Amino acid sequence: MLNPQQSFVGPLLAWHEENGRHRLPWREPGRSAFEILIAEILLQRTTAASVSGAYLPIVARYPSPETVVAANPEAIERRIAPLGLAKRAEFIRRTSQQLVARHSGDVSRRYADLLELHGVGAYTARSVLTHAFDEDIAAVDTNVRRLISRFFDLPPDSGTLPHLADGLVPSRRGSDFQHAMLDFAADVCTARTPQCETCPFGEHCRSSERAV
DNA sequence: AAGCCGGGGTA
DNA sequence: TACCCAGGCTT
């Protein structure tokens, strides 16, 4: 009987190395914590494909919280509008104001500080910690929730999923592991018609015997 | 705990 | 047409 590191984490990282969405602009090396935070807000309930078209012009125009604070709020809103959930323009503006006022424009490494930012919840805060600060923690979104609940045959609304996901994170590879879960769930373990026939997990997935 | 936000892609 | 998308805020 394989442990989850052998049956889940290893194959998932291998799949990701070969098939991951490595070209997404917010994953490029050298992105600042603020640029990553902006990406995570734009990605809330919004597909990576949609955000990829709007991201570069936005961070080019607003590379720092200071530039957001100084900008015309309506100009920001116009750039967010094609993505839907236009209220996120205000999220970005208020969060930037908070960063300038409380942390002299720096994105804090403390989870509690991040959670206080307007528009930043558990998922977004954890994503910033993994991708910007290389913390060994997981961020459970709709994709990760679906993937983990299927693989371990747990109810999707189980409150243990975040803790379980944290325990799977390979040391110093939190960002890769997070991206691997997201990409795999988006491309293989999909919501409506998962590609179970070609799934690399095979029998290791505890939902493999069942119609998912 | 439930409601709400939203344009765009997909089956 | 219905469902889904790197959630979080408000009530």
Side-chain angles (χ1 to χ4, degrees), chain A residues 12 15-16 19-28 31 33-59 76-98 107 111-133 135 137-150 155-159 161-162 165-166 168-169 174-197 211-212:
Chain A
L12 185 63
W15 178 93
H16 179 251
N19 304 291
R21 299 177 289 186
H22 303 289
R23 293 292 164 164
L24 294 171
W26 50 89
R27 295 186 185 180
E28 291 169 358
R31 288 288 174 206
F34 180 75
E35 289 172 330
I36 290 172
L37 172 59
I38 294 301
E40 296 303 334
I41 292 176
L42 297 180
L43 286 162
Q44 290 168 4
R45 296 297 290 179
T46 308
T47 58
S50 295
V51 177
S52 63
Y55 180 72
L56 285 177
I58 290 176
V59 293
I76 300 177
E77 189 166 348
R78 278 195 294 272
R79 294 176 185 267
I80 306 284
L83 302 177
L85 298 176
K87 184 169 288 188
R88 290 180 294 177
E90 186 185 354
F91 288 1
I92 290 172
R93 190 177 60 83
R94 288 183 58 179
T95 276
S96 295
Q97 289 173 341
Q98 289 174 288
V107 177
Y111 181 68
D113 288 340
L114 296 174
L115 268 189
E116 288 185 11
L117 300 172
H118 189 75
V120 175
Y123 173 81
T124 302
R126 285 170 161 272
S127 294
V128 169
L129 291 179
T130 60
H131 301 311
F133 299 124
E135 297 263 353
I137 61 173
V140 177
D141 77 317
T142 173
N143 287 290
V144 174
R145 179 167 299 280
R146 183 177 63 246
L147 171 60
I148 300 282
S149 67
R150 283 175 176 169
D157 60 351
S158 168
L161 284 185
D166 280 343
L168 296 170
V169 179
S175 181
D176 286 343
F177 180 63
Q178 182 69 30
H179 288 152
M181 289 194 292
L182 294 170
D183 293 354
F184 186 81
D187 294 344
V188 180
C189 197
T190 57
R192 281 183 281 189
T193 55
Q195 309 300 306
C196 298
E197 297 77 10
V212 179

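Predicted model, so just to flag it, every value in this text is computed and none were measured. The analysis underlying the following values was restricted to heavy atoms, covering all of them including side chains, and did not include hydrogens, waters or symmetry mates. Lettering follows sequence order; numbering is per chain, from 1.
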Output a table of nitrogen or oxygen pairs between the protein and nucleotides 2-5 of chain B separated by less than 3.5 Å.
none

Would A/S52 and A/R21 satisfy side chain to side chain donor-acceptor pair (under 3.5 Å), going step by step from the backbone distance to the final call? CA-CA 11 Å; A/S52 63; A/R21 299 177 289 186; over 6 Å; no
Just to be sure I understand the rule, does [X] reach a base, reach only the sugar-phosphate, or reach nothing, if contact means heavy atoms closer than 4.0 Å?
X	value
A/V120	sugar-phosphate
A/T124	sugar-phosphate
A/A49	nothing
A/G121	sugar-phosphate
A/S50	nothing
A/A122	sugar-phosphate
A/R145	nothing

To the nearest Å, give me how far apart [atom1] ([X]) and [atom2] ([N]) are.
X	N	atom1	atom2	result
A/Q195	B/dT10	CD	C1'	13 Å
A/R146	C/dC3	CZ	P	16 Å
A/R88	B/dG7	CZ	P	11 Å
A/Q98	C/dC9	CD	C1'	13 Å
A/L42	B/dG8	CG	P	15 Å
A/I41	B/dG6	CD1	C1'	17 Å
A/Y123	C/dC5	OH	P	12 Å
A/L117	C/dG7	CG	P	18 Å

Using the [atom1] atom as the point on both nucleotides, what is the distance between [M] and [N], in whole Å?
N	M	atom1	result
B/dG8	C/dC9	C1'	23 Å
B/dG3	C/dC3	P	16 Å
C/dG8	B/dG9	P	24 Å

So CD of A/E135 and CD of A/Q178: to nearest 0.5 Å the spacing works out to 13.0 Å
By nearest-heavy-atom nucleotide on DNA chain C, the more 5' of A/H179 and A/G119 is A/H179
Pairwise 5' ranking along DNA chain C for A/R94 and A/A186, keeping only the more 5' one: A/A186
A/R27: partners by salt bridge (Lys or Arg N to Asp or Glu O under 4.0 Å), with sequence neighbours left out: A/D183
Apply salt bridge (Lys or Arg N to Asp or Glu O under 4.0 Å) to A/E90 and list each qualifying residue two or more places apart in sequence or on a separate chain. A/R94
Would you say that [X] contacts [Y] through its side chain, given a criterion of any heavy-atom pair below 4.5 Å between the two side chains?
X	Y	answer
A/L83	A/L42	yes
A/I92	A/L37	no
A/V51	A/W26	yes

Do the ring planes of A/H179 and A/H131 sit parallel (below 30°), tilted (30 to 60°) or perpendicular (above 60°)? parallel
Would you say the base of C/dC3 and the side-chain of A/R192 have a donor-acceptor pair closer than 3.5 Å? yes
